[in-house]
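What follows is one structure encoded as structure tokens, with my remarks underneath.
Below, chain A is the first sequence line, B the second, and so on; all start at residue 1. The analysis underlying the following values was restricted to heavy atoms, covering all of them including side chains, and did not include hydrogens, waters or symmetry mates.
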Amino acid sequence: MQDKVLELAIRRGFIYPSYEIYGGVGGFYDYAPLGAILKKKIEDKWRKIFCIEEGFYEIHCPTIAPEEVFIASGHVKNFVDPLVTCENCRESFRADHLIEESMNISASNMSYEEMSKLVKQISCPNCGKKAFGDVYSYNLMFKTAIGPGGKRTGYLRPETAQNIFILFNRLYEFSRKKLPFGITQIGKAYRNEISPRQGLIRLREFTQAELEYFFDPRNESIDRFKLYENEKLRLLTRENKEFEITAKEAVEKGILINEIFGYFLALTKRFLVEVGIDEKRIRFRQHLKEELAHYARDCWDAEVFTERYGYIEVVGIADRGDYDLKAHERHSNVEMKAFVSYEKPVTIKMKVFELNLKEIGKTFRKKAKEIIKELENADEKLIEEFEKKGFVKVCNEVLDSRFLKVKEVEKKVHGEKVVPHVIEPSFGIDRILYCVLESAYRERNGKKILSFKPDIAPISVAVFPLVSKDELKDIALELLRKIRARGIYAIYDEKDSIGRRYARVDEIGVPFAITVDFDTLKDSTVTVRFRDTTEQVRISTAEVVDVVEELVNGKIKFEELKMKK
RNA sequence: GCAGCCGUAGUCUAGCCUGGUAGGACACUGGCCUUCCAAGCCAGUGACCCGGGUUCAAAUCCCGGCGGCUGCACCA
């Protein structure tokens, strides 16, 4: 049986298992009407915190990419598990783990052939027989073909990040060629999980919200850090120590390697709290060395404690260093660097080759271009060699003083090119949405309530006539129209008793209900009811739309409204 | 991917062993009633996961698939 939260989410239209009429497919969920609004509100909260307030911009890119992208990024090679299956009992194992455990040697750099040989000597931990087949790789990326004929291999992206790295030069230009800058993307990513389970926790198609923060590796401070430096963070370090500490202290003590980590951990916590997750359930866990992704130098996961699944990872904040930009530089032959100016230009004396281009051209013809390039980029070693021997060998040609000589030049250097480093907070929106649902779930007298924050709830307001009579209905419908005109999601219901209608909207987490009753006809006031306490206040029909808008936006709280009245 | 258990309206479930008209509760829809927290009355919609086999006859027995749960394995 499915758990209560998932059951409610499916029954009341937050999510549906996908492709049900054809038997369903594991690892895919539809966002139903209420879930789609909830997801959008969570994403908009993320945009507010990680884009608008930070001055970072969001981009949207294709979800299909040509093979080259993931060859460069390392996903084709590294996004795989070497598996081996016992021919006797059909049990599958990670081949490298098997070898490491039973032979006590490191298998991380072994080829599949080597592993296949070794694995034959190992008894199956399940049935005890030596019956392992060959080691095969299982790549978690979905493969597809671009265009007719299947000539060009493509993959569905396993993370949104690569698109941003590929666009580095464009985005650097857009950012007025200044570090640091941040670019975000909210979009779908795909991983062909071996066994997706646990509802929204492990999906084959999921939504990521990612920020790539590009910075000069020699300057790891971040101005805005002081805004969040006193935020308390619960950390679980690689050494398995768990404690609470302020962001500032964690950086000062070197637990977090720089202010940027401190800043994004604090910002992440703020986001999770603002969508309605209890801060007591949030912790940041540092990845173990062997757990790190192929691109990561360090990584802290934000984990949320759930009743259903225990601690689950909802955010990964990774220091990707210069791994990705360098990888794409190498594979695409496009330079991906930022120019960082020095505070003052530096004058340096250096030796360079002065070339006799005419002579080189005449002598080496077509090869000249290549030779010139080599000599222009010559390093100290080569120049030294020339000074010692009187000639150098470049591109298999010998060049002596007829072609070049050494001269000393003074150069004013204004700065240098650096490959920016990247710190990447990456959010799993679907998992966060589950945490939001679970955090909001309550039971009251046997009735189920989703106690969303007012600005996160999919439907913000319900409007009811106390009983289904025309004179009350007309007023209620007019209020409904006015509320909707403000861009607020509102619903109307006149069926069944008022108590039943309150219960119905409590179950989908509508925070406020307006009821038109017989007093409304006398004094033009209506009641506004708050979901979490069932308390009511009377507000004039003239004011109620403004008041409700403030309540929904969180500008005032219901308790404050109650005090005023 | 392996193993065990499971799959009946929107939900929870009876029926399955022992083959023969699939029953209930809640929810939902229409109507009546109803002056604030799942009231009542009347009427109604709605289901055997898919495919194959056995049989005169399959929700029920058998096989395969799909899906779910649990365990193992995996999870950047």
Any donor-acceptor N/O pair under 3.5 Å between B/C36 base and A/Q536 side chain: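 Indeed there is one.
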Under 4.0 angstrom, heavy atoms only, what part of the nucleic acid is [X] near: base, sugar-phosphate, or nothing?
X	answer
A/R529	base
A/K469	nothing
A/L292	nothing
A/R191	base
A/E291	sugar-phosphate

Distance test, side-chain N/O of A/S497 to OP1/OP2 of B/A39, below 4.0 Å: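 Indeed, a polar side-chain atom of A/S497 lies that close.
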Output field: ring centroids A/F56/A/F50 closer than 6.0 Å: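 They do not qualify: ring centres at least 6.0 Å apart.
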Ring centres under 6.0 angstrom apart (A/Y323, A/H294):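 A/Y323 vs A/H294: aromatic centres under 6.0 Å.
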Assigned partner base of B/C66, Watson-Crick or wobble definition, under 3.5 Å: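 Paired with B/G7.
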Watson-Crick or G-U wobble mate for B/C2, both contacts under 3.5 Å: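 Base-paired to B/G71.
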Minimum-distance nucleotide to A/R11 side chain [options: B/G67, B/C37, B/U11]: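 Of B/G67, B/C37, B/U11, B/U11 is nearest to the side chain of A/R11.
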Separation between the C1' atoms of B/C28 and B/A38, rounded to whole Å: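 The answer is 14 Å between these two C1' atoms.
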Salt bridge (Lys or Arg N to Asp or Glu O under 4.0 Å) partner of A/R285, the single match among A/E239, A/E242, A/E291: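 One option only clears the test, and that one is A/E291.
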